[in-house]
Amino acid sequence: MTDHFTLTLAHIRARIDAAAQLASRDPATVGLLAVSKTFPAEDIRSFYAVGQRAFGENYVQEFTDKVAALADLADLEWHFIGPLQRNKTRSVAASAHWVHAIDRLIIAERLSQQRPNQLPRLNVCIQVNVSGEASKSGVAPEETLELARQVVALPNLNLRGLMCIPEPTRDEAALTAQFEQLRQLQDQLNEQGYALDTLSMGMSSDLEVAVAHGATLVRIGTALFGARPNKMTA
């Protein structure tokens with residue numbers, strides 16, 4: 001079974017490396033986040049055993065349960081990547097290393113307030129709705145600067161970058177436009193002194209396009225863990 005996890009992880013890393021090289025980028029500048037939502041803690045343990053350290057979860061209760069089940073893996077890095085309700089931030093603030101889906105100030109404020117004092121500041125990304133879909137979470141592109149200004153002032157958060165979930169399409173031109181919009185927003189923020197270093201974008205089906213347009217962290221679920229029945233793949 002270890003061979004399966006080794007080969008699967010190696011295949012995804014090879015895709016990332018090839019995409020980076022094609023874009024004249026150093027493959028080391030593109031990180032891999034294994035999206036483990038809906039899969040058992042033992043699968044995380046198996047990928048950990050073959051070298052993967054960063055894992056992403058979408059649902060608060062599942063996240064909390066897995067953190068407890070895998071507490072013996074001291075250097076495991078937890079990323080919460082799903083939407084957060086204001087009454088469910090406490091356990092995420094206490095256990096996550098990263099939160100990718102900051103889309104309104106109240107969520108950022110609660111995470112900052114509830115972050116235990118003995119822990120480092122929580123790394124966060126602002127989620128931007130680059131597709132304009134009403135069903136998608138995320139701040140509107142034109143409101144990103146104001147939210148960034150508010151988030152960076154919070155004492156227990158470390159604003160690291162931007163995140164997006166593009167529309168589910170195979171149209172490379174449409175994906176390119178959305179990924180490029182996120183990269184340009186990051187450039188605009190950095191020109192104003194924010195020093196953001198993270199673009200969380202790209203999933204199993206579109207990681208090559210995302211890497212070509214600046215992704216520094218790709219969120220891969222299906223290509224690592226397999227299909228999730230009746231759920232949108234990551």
Side-chain angles (χ1 to χ4, degrees), residues 16 19-20 23-33 54 56 77-84 86 89 92-93 96-113 115 120-134 136-167 173-203 206-219 234:
I16 293 170
S24 299
R25 296 181 58 192
D26 179 354
T29 64
V30 186
L32 170 60
L33 179 62
E77 183 178 278
W78 288 111
H79 294 236
F80 193 84
I81 62 175
L84 266 173
R86 66 179 67 187
T89 53
V92 173
H97 300 90
W98 286 74
V99 173
H100 289 231
I102 302 296
D103 61 355
R104 57 198 189 280
L105 180 60
I106 184 61
I107 299 301
E109 288 176 332
R110 290 183 68 84
L111 288 169
S112 182
Q113 292 163 2
R115 183 70 168 175
R121 288 188 297 165
L122 179 62
N123 295 306
V124 298
C125 293
I126 291 173
Q127 181 175 354
V128 183
N129 186 351
V130 293
S131 69
E133 297 169 270
K136 286 274 174 69
S137 299
V139 66
E142 63 272 17
E143 297 171 359
T144 304
L145 177 58
E146 176 60 19
L147 183 56
R149 184 189 65 78
Q150 295 168 328
V151 170
V152 80
L154 296 172
N156 293 319
L157 302 186
N158 184 20
L159 181 60
R160 294 289 298 274
L162 305 177
M163 181 269 250
C164 74
I165 302 173
E167 63 181 303
L175 290 170
T176 292
Q178 291 168 54
F179 291 144
E180 191 63 18
Q181 182 177 34
L182 197 72
R183 188 191 62 78
Q184 290 172 3
L185 279 171
Q186 184 191 48
D187 289 346
Q188 292 169 17
L189 287 164
N190 285 343
E191 286 170 3
Q192 299 195 33
Y194 283 84
L196 305 183
D197 61 8
T198 301
L199 280 179
S200 171
M201 61 187 194
M203 298 186 287
D206 58 20
L207 76 83
E208 285 83 2
V209 183
V211 170
H213 294 279
T216 64
L217 190 63
V218 292
R219 308 183 306 271

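Nothing here was measured: the structure is a model prediction, and the numbers come from that model.
By the side-chain contact (heavy atoms from CB on, under 4.5 Å) test, E191 is found to be paired with no residue, residues two or more places apart in sequence or in another chain being considered. Looking at residues two or more places apart in sequence or on another chain, you find no side-chain hydrogen bond (donor to acceptor under 3.5 Å, both in side chains) involving N190. Applying the side-chain contact (heavy atoms from CB on, under 4.5 Å) rule to L217 yields the partners L33, H79, H100; only residues at least two apart in sequence or on another chain are considered. Evaluation of the salt bridge (Lys or Arg N to Asp or Glu O under 4.0 Å) rule for E77 yields no partner, not counting sequence neighbours. Every residue meeting the side-chain hydrogen bond (donor to acceptor under 3.5 Å, both in side chains) condition with N123, not counting sequence neighbours, appears here in chain and number order: N158, R160. Under the side-chain contact (heavy atoms from CB on, under 4.5 Å) criterion, I106 pairs with R86, R104, E109, R110, not counting sequence neighbours. For S137, there are no side-chain hydrogen bond (donor to acceptor under 3.5 Å, both in side chains) partners, not counting sequence neighbours. A search for salt bridge (Lys or Arg N to Asp or Glu O under 4.0 Å) contacts involving E146 returns R149, not counting sequence neighbours. Applying the side-chain hydrogen bond (donor to acceptor under 3.5 Å, both in side chains) test to E167 and every residue at least two apart in sequence or in another chain returns Q178. Residues satisfying the ring pair (Phe, Tyr, Trp, His ring centres under 6.0 Å) test with F80, not counting sequence neighbours, are F63. Listed by chain and number, the residues in a salt bridge (Lys or Arg N to Asp or Glu O under 4.0 Å) with R183 are E180, D187 (sequence neighbours excluded).
Smallest separation of non-hydrogen atoms from C164 and M201: SG-CB, 3.8 Å. Taking each heavy atom of K136 and I165 in turn, the nearest pair found is NZ-O, 3.3 Å. Residue Q127 comes nearest to A101 through the heavy atom pair OE1-CB, 3.3 Å, listed as atom of the first residue, atom of the second, then distance. When all heavy atoms of C125 and T198 are compared, the closest pair comes out as SG-CG2, 4.0 Å. Closest approach of N156 to R115, counting heavy atoms only: CB-CB, 3.8 Å. Contact between M203 and P166 at its shortest, heavy atoms only, is CE-CD, 4.4 Å.
Under the 4.5 Å side-chain criterion, counting only non-hydrogen atoms from C-beta, I102 is in contact with L111. D103 places none of its side-chain heavy atoms less than 4.5 Å from the side chain of P83. Looking at Y194 and V151, their side chains never come closer than 4.5 Å, going by heavy atoms from C-beta outward.
Within the model, atoms CG of L159 and CZ of R121 stand 10.0 Å from one another, a figure rounded to the nearest 0.5 Å. Interatomic distance, CD1 of I126 versus CG of L147, reported as 4.0 Å (0.5 Å rounding). To the nearest 0.5 Å, the span separating CD1 on I81 from CZ on R219 amounts to 6.0 Å. Between atom OG1 of residue T144 and atom CG of residue L162 there is a gap of 6.5 Å, rounded to the nearest 0.5 Å.
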- request: Take R25 and T216 through the test side-chain contact (heavy atoms from CB on, under 4.5 Å) and record every step on the way to the result.
  value: CA-CA 10 Å; R25 296 181 58 192; T216 64; 4.2 Å; yes

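Pairs engaging residues 207-218 under the salt bridge (charged side-chain N to carboxylate O under 4.0 Å, His left out) rule: R15-E208 [sequence neighbours left out].
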